[in-house]
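One structure is given below, encoded as C-alpha cells.
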Amino acid sequence: MADPKHPADSRLAPSAALTAQSSLETLEAAYAQWREEKLRYAAARARLVEQRRRLDDEAAFLVGAVRAAGTSAPPGPPDALAAPGGLEAFVREAEERILRTRQQLEARALEEEAAFAQTFTGLRQTVVARVERILARTRPALRLVPRRLGGDQRILHLDRLSDDGAILLLFVLCGKIPSRYGFLLDDSTDQMLLPPAPLYPDEGVAPDQTRPDAAGLRQVVEGASPVLPIKGFVPVPVPRGEGPPAFYRLLQRGAVMEVELQDGAGFRNVLTREESERFAGYLLACKLAGKLELELASE
C-alpha cells in the first residue's frame, strides 16, 4: 500500500494556479486554467476514493485472516496463538498500522481540500475582476427583433452573442459568472433523444440533476452561489411592480437567441404583447442605466 505521506501520483495539492492568475489576460485563458484545476481536482478525489477503498479492503482481509487463523491453527501448544508475538499481538499491530494510515490519509485530504478551495476562490475572483475590467471600457451589445404572430402575440429574437459577450451579459443581468467558457453556444448532449441539458454537473449540481424543470432551474439561478453552471441560455430576471421577478431566458437557437418566459414547470416562446413589452422595457432601462447597448430593430 502506498505511503499516504508521500503517495505516488496521489497528491491533491493544486498547481501554481494562484501565482499564475495575474497572467490570465483573457477570459478564455482564465477559464482554461479553471477547467484544468477542476480536472486535477476530480482526478485527485478519484485517487482518494481508491486509497480509502484499499484501506477498507486491507481491514476486511485482516478480519478474514484472523477468523481463518482461529479455525485452522497448525499443530502445537493450545496457547500458541495467545503467546507474545502470536495472533493477538499481530492483530493489534496491524489494526494500529491501518488506523494510523487512515488518519494520515484523512488529514492529508482535509489539507488538500482547503488548498483546492483556495485555488478555486482565487480563480473565480480572477474571472470576476477580468469581467469588471472589460465592462469598464465596453458593454454587451444587444439587437432585439420582435416578430409578430397572430393577434397580439410575439416572438422575440436577439442576435447571437460571442463567448465573451455571453459572460459579460450574464454578469450585467445577474451579477454572476458561468462555470464554463462557451456555455451559451454549447449544444452537446448526453442523451441523443433529448435536447441539451440546461445545467452542467458543476458547482454542486449532480449528473442526474442537470435537467430540472423551469422552477428548479430558476431556483439554481436565484441561489446564493456566485457561479452558475448554466448551459445554452442566459437567464433574465425582469422586475415587476409586485411579487417576484418574471423569469425570462435567452435560449440559444442557431444564429439567434430566442426569448422564453417561465410558464409553470416549463417555458414558452410565444409572448403576449404585455410580456414582450415588459422584456423590451427592461432591456431599455438597462441601456439607460449604462449597463448595455441596445438596438430595437423592426422585423
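Hydrogens, waters and symmetry mates are skipped; everything else that's a heavy atom, side chains included, is used.
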Q) Which of these passes side-chain contact (heavy atoms from CB on, under 4.5 Å) with Phe247: Val238, Val236, Val221, Leu261? A) Val221
(Q) Determine whether a donor-acceptor pair (N or O, by modelled atom type, separation under 3.5 Å) exists between the side chain of Lys176 and the backbone of Ser225. (A) yes
**Q.** Side-chain donor or acceptor of Lys231 paired with backbone N/O of Ser188 under 3.5 Å
**A.** yes
Q. In a check of side-chain hydrogen bond (donor to acceptor under 3.5 Å, both in side chains) between Asn269 and each of Glu258, Glu260, Arg253, which one passes?
A. Glu258
Q) With no hydrogens and no angle check, is any side-chain donor or acceptor of Thr138 less than 3.5 Å from a backbone partner on Ile134? A) no
Q: Please check if Leu250 and Ile155 belong to a single hydrophobic cluster, counting links between Ile, Leu, Val, Met, Phe, Trp and Tyr side chain heavy atoms closer than 4.5 Å.
A: no
Q) What is the distance from atom CD of Glu295 to atom CG of Leu158, rounded to the nearest 0.5 Å? A) 11.0 Å
**Q.** Arg40 side, atom CZ; Thr119 side, atom OG1 - distance, nearest 0.5 Å
**A.** 8.0 Å
Q: In sequence, state the C-alpha distance, the side-chain angles, and the governing distance for Arg102 and Asp56, and then conclude on salt bridge (charged side-chain N to carboxylate O under 4.0 Å, His left out).
A: CA-CA 9 Å; Arg102 192 184 300 277; Asp56 291 341; 3.2 Å; yes
(Q) Among residues at least two apart in sequence or on other chains, which ones pass side-chain contact (heavy atoms from CB on, under 4.5 Å) with Asp263? (A) Arg268
Q | Approximate separation, where rounding is to 0.5 Å, of Ile98 CD1 and Glu93 CD | A | 11.0 Å
Q | Common cluster, Val259/Leu185, ILVMFWY with side-chain heavy-atom separation under 4.5 Å | A | yes
(Q) Walk me through whether Arg154 and Glu275 qualify under salt bridge (charged side-chain N to carboxylate O under 4.0 Å, His left out). (A) CA-CA 9 Å; Arg154 288 174 174 80; Glu275 292 165 346; over 6 Å; no
**Q.** Cluster link Leu173 to Val256, ILVMFWY, side chain under 4.5 Å
**A.** no
Q.
Please find the pair of heavy atoms, one from Pro178 and one from Tyr31, that lie closest to each other, and give the distance.
A. O-OH, 2.7 Å
(Q) Quick check on Glu50: does its CD atom have over 12 non-hydrogen neighbours (other residues, nucleotides or ligands) under 6.0 Å away? (A) yes
Q. Hey, is the main chain of Arg35 close enough, under 3.5 Å, to the side chain of Gln33 for a donor-acceptor pair?
A. no
Q.
So which atom in Asp202 and which in Ser179 form the shortest heavy-atom distance, rounded to 0.1 Å?
A. OD2-OG, 3.1 Å
**Q.** Under 3.5 Å: donor-acceptor pair, side chain of Gln252, backbone of Gly254
**A.** yes
Q: Enter the distance from Glu106:CD to Thr101:OG1 here, rounded to the nearest 0.5 Å.
A: 11.5 Å
Q. So, Arg240 side chain and Pro244 main chain: donor-acceptor pair closer than 3.5 Å or not?
A. yes
(Q) Nearest 0.5 angstrom please: Glu28 CD to Asp164 CG, how far? (A) 7.5 Å
Q) Within a radius of less than 6.0 Å around CD of Glu274, do more than 12 heavy atoms belonging to other residues, nucleotides or ligands occur? A) no
(Q) Between Phe120 and Tyr41, is the ring centroid distance below 6.0 Å? (A) yes
Q. Donor-acceptor pair, Ser276 side chain versus Arg273 backbone, under 3.5 Å?
A. yes
Q) Can you hop from Val145 to Val270 via hydrophobic side chains spaced under 4.5 Å? A) no
